[in-house]
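Letters go in sequence order (proteins before strands), and every chain restarts at 1.
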Number of protein chains: 2
Amino acid sequence: MRRAVTIKHVAAEAGVSLQTVSRVINKGPNVRPAVIERVEAAVAKLGYVPSLAARRMGGNRSFLLMALNDRDRTIEAWTSGQGADWVDQMLMGGMLRCAESGYHMIFELIDTHSAHVEREVQAAISALRPDGLILTPPHSDNPQITGLLVRLGLPFARLCSETPGDGFAISMNEALAAQVAVEHLLDLGHRRIGFITGSDEYAVSAVRREGWRRAHEDRGLPLDPALEGDGDFTFESGERATATLLALAEPPTAILASNDQMALAAQTVAAARGLQVPHDLSIVSFDDTPVVRFSRPPMTAVVQPIAEMTRAAADLLIRATANVDHLPTSVVVPFGLAVRGSSAPPRS
Amino acid sequence: MRRAVTIKHVAAEAGVSLQTVSRVINKGPNVRPAVIERVEAAVAKLGYVPSLAARRMGGNRSFLLMALNDRDRTIEAWTSGQGADWVDQMLMGGMLRCAESGYHMIFELIDTHSAHVEREVQAAISALRPDGLILTPPHSDNPQITGLLVRLGLPFARLCSETPGDGFAISMNEALAAQVAVEHLLDLGHRRIGFITGSDEYAVSAVRREGWRRAHEDRGLPLDPALEGDGDFTFESGERATATLLALAEPPTAILASNDQMALAAQTVAAARGLQVPHDLSIVSFDDTPVVRFSRPPMTAVVQPIAEMTRAAADLLIRATANVDHLPTSVVVPFGLAVRGSSAPPRS
DNA sequence: CTGTTAGCGCCTTCAA
DNA sequence: TTGAAGGCGCTAACAG
């Protein structure tokens, strides 16, 4: 195997010292333009690329960002092949931003429920020494993890977390998104709008419900508590909640579900009862994973900007590592509402 | 930031030398069981995890496997949100296998068409110094890349490549898969089975067509060359090919498409012409990305075992790095045929 | 502005 | 069976 080209070769080629090359590579100050040019020419000629491993040894940066996902949920999503694309979207936002600054992103799966969360995270960090971490739900609000990172002094971003606290909180305005979704239905003429909640384990669940409530309040419309259905993000819970809602004496004419799977469940239950979507029952979902684009009819959905959030997270972490000051402690990324065929005015 | 625990701390804790700890970590020979035990206790107590960066500096292993994907195609898949899950499946197979041996997997996007492929790959390697590479199509058969890796002496695996050559070739039996898909249609009673090819840029395209041909040959059935439609893996090409096939004087009663997108296109075109799937036209697709499970009717599809292939690739690379001998130069992973609602006997 | 020195944490080689 | 010395490629701290 051909020996790799190192900073030494570049130094020799350019006729300068090791350190000068290092300065040029890291855009350090105090190098004459003429020397910079000579070094850069040598770098290009030799095709030199610094070794990340060595950089992390000498200095204190690894140029690595680590994303922590929930083990069970991620594997479940992969195995079931239900078309969720969280990881893809994260990679798209995060990897591309990392590449812009010579960083790399690496994924790790961590078991939230394990008694050893802390040890697991610590092990991953010890092995790779990332410059920053990106936490996804439910890790984002796990004090065991955030506490550890604070103790280690490692910068981190919490995706989809609106709670203030340590690290950067990156989120969309979940409450407003729910509100906008409900307003969309109200504008269509619906007055009884059911809501299927998410699992209590996730902070967003309560926030989304709050948006549903506020949409009614803002317009001075009454809200029947019976229209709140109990879900936990699974398809089955969506089926149960929908069945309960449709069994009401005065059933809803529209349902907002806290995620796509439960919205699909609502669609299935509606179909089973001979209800036509959207005319007998409008459905709006949350997240907009690819699968809802292929349902019949395609689903109106709140678009969760995962790629943008991850990009923002990577951006902040990279800048934090470069000691940029005055960074915001939280970022709110705009959400979208994709209006498709599952929402329409109610039958009059 | 609390200083990280290093091999030195462990050595001190266990009352042995640095080197002995290193031997225990790496399961080296010549250490007394009693000492091993003492060291292991110290490791556990201190929560020591070796730094990958340091390991790669001193020794020669980085415990990193690098997967190279085509930049444009991957970003296109992520952006379009069409529900393909190549990357997820690769991560599932690769990451989990890596984790079993303390390895990590990292993704890189490489532009195949760029004049600088070689430089791009070389840069990624120089930065991360992976112990092995996993190439995905179309990189798998790119001599610029494989040639470079051979020169560098880096082990690599070529996913979905059946061509013998350098590196490990990991594939499913593409020809047999196509043949089995066609036989499924023949068994249903179809006699005019159209085929939509993939892009010539991918070696599998020709191989899949060969399976279609062989299925007929094996049963002594004639094959009308007009039944071969020209595709390039895009939805649009699938539409064109289907339109051409259906315009034949004697149109096919079934179509096998070389990937899911083209199969969906066939379904769309059929619907637009008032043809009912599967009764007027049966459709079978290749790959089985999640989206085809949600089409109406759900698509019968050849299941491409991406996770298994990536797992096999990671497994071979890890073993190769550990100098295990007698490794196979190629691995054929079993494929599947998911029979769903898009295939049925033709109208008699 | 530029060069020199001293590690970073680990593994390889050699000596005990 | 164990330990000590040297170096991997780079950067921080200090000299010049």
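Within the 4.5 Å cutoff, no side-chain heavy atoms of A:I110 are placed close to those of A:R71. Side-chain contact between B:F168 and B:L327: present, with at least one pair of heavy atoms (C-beta onward) separated by less than 4.5 Å. Counting only heavy atoms from C-beta outward, the side chains of B:I134 and B:L159 approach each other to under 4.5 Å.
Among the atoms of the strands shown, base atoms are found under 4.0 Å from some heavy atom of B:G58. Looking at heavy-atom distances under 4.0 Å, B:P50 makes contact with sugar-phosphate atoms alone, never a base. No engagement by A:R61 is indicated, since no non-hydrogen atom pair under 4.0 Å with the nucleic acid exists.
Checking A:T163 against A:D141 by side-chain atom types alone, a donor-acceptor pair falls below 3.5 Å. Under 3.5 Å, the side chains of B:T146 and B:D166 contain no donor-acceptor pair of N or O atoms. The closest side-chain donor-acceptor pair between B:R158 and B:N142, if any, does not fall under 3.5 angstrom.
Applying the 4.0 Å criterion to OP1 and OP2 of D:dC10, one finds that A:S22 has every side-chain N and O outside that range. The side chain of A:R55 contributes an N or O atom lying less than 4.0 Å from OP1 or OP2 of D:dT11. Applying the 4.0 Å criterion to OP1 and OP2 of D:dT2, one finds that B:S17 has every side-chain N and O outside that range. Within the 4.0 Å cut-off from OP1 or OP2 of D:dG9, not a single side-chain nitrogen or oxygen of A:S51 is found. Listed pair A:R32 / C:dT2 meets the phosphate criterion, a side-chain N or O lying under 4.0 Å from OP1 or OP2. A close approach under 4.0 Å does not occur between any side-chain nitrogen or oxygen of A:N60 and OP1 or OP2 of C:dC8.
Nearest to the side-chain atoms of B:A54 among the listed nucleotides C:dG9, D:dA13, C:dC1 stands C:dG9. For A:T20, whose side chain is taken as the heavy atoms from C-beta onward, the closest listed nucleotide among C:dT2, C:dC8, D:dC10 is C:dT2. Listed candidates were D:dT11, D:dT2, C:dC10. Nearest to the side chain of B:T6 is C:dC10. The side chain of B:N26 approaches C:dC11 more closely than any other nucleotide in the set C:dC8, C:dC11, C:dT2. The side chain of B:V16 sits closest to D:dG3 out of D:dG3, C:dC10, C:dC8.
Mapping B:M57 and B:Q19 onto DNA chain D by nearest heavy atom places B:Q19 closer to the 5' end of the strand.
Per the geometry, OH belonging to A:Y48 stands 6 Å off P belonging to D:dT11, to the nearest Å. Remark: C1' of C:dT13 and CZ of B:R23 are 11 Å apart, rounded to the nearest angstrom. Rounded to a whole Å, the CZ atom of A:R38 is 15 Å from the P atom of C:dC1. Taking atom CG of residue A:L52 and atom P of nucleotide D:dC10, one finds them 10 Å apart after rounding to whole Å. Taking atom CD1 of residue B:I7 and atom C1' of nucleotide D:dG3, one finds them 13 Å apart after rounding to whole Å. The separation between B:L18 atom CG and D:dT1 atom P is 20 Å, rounded to whole Å. The interatomic distance linking A:K8 (NZ) with D:dT11 (C1') rounds to 14 Å, in whole Å. Atom-to-atom, CG of A:N30 to P of D:dA12 comes out at 14 Å; the value is rounded to the nearest Å.
Interface remark: the A:R56 side chain does not form any donor-acceptor pair with the C:dG9 base, using a distance-only criterion of under 3.5 Å.
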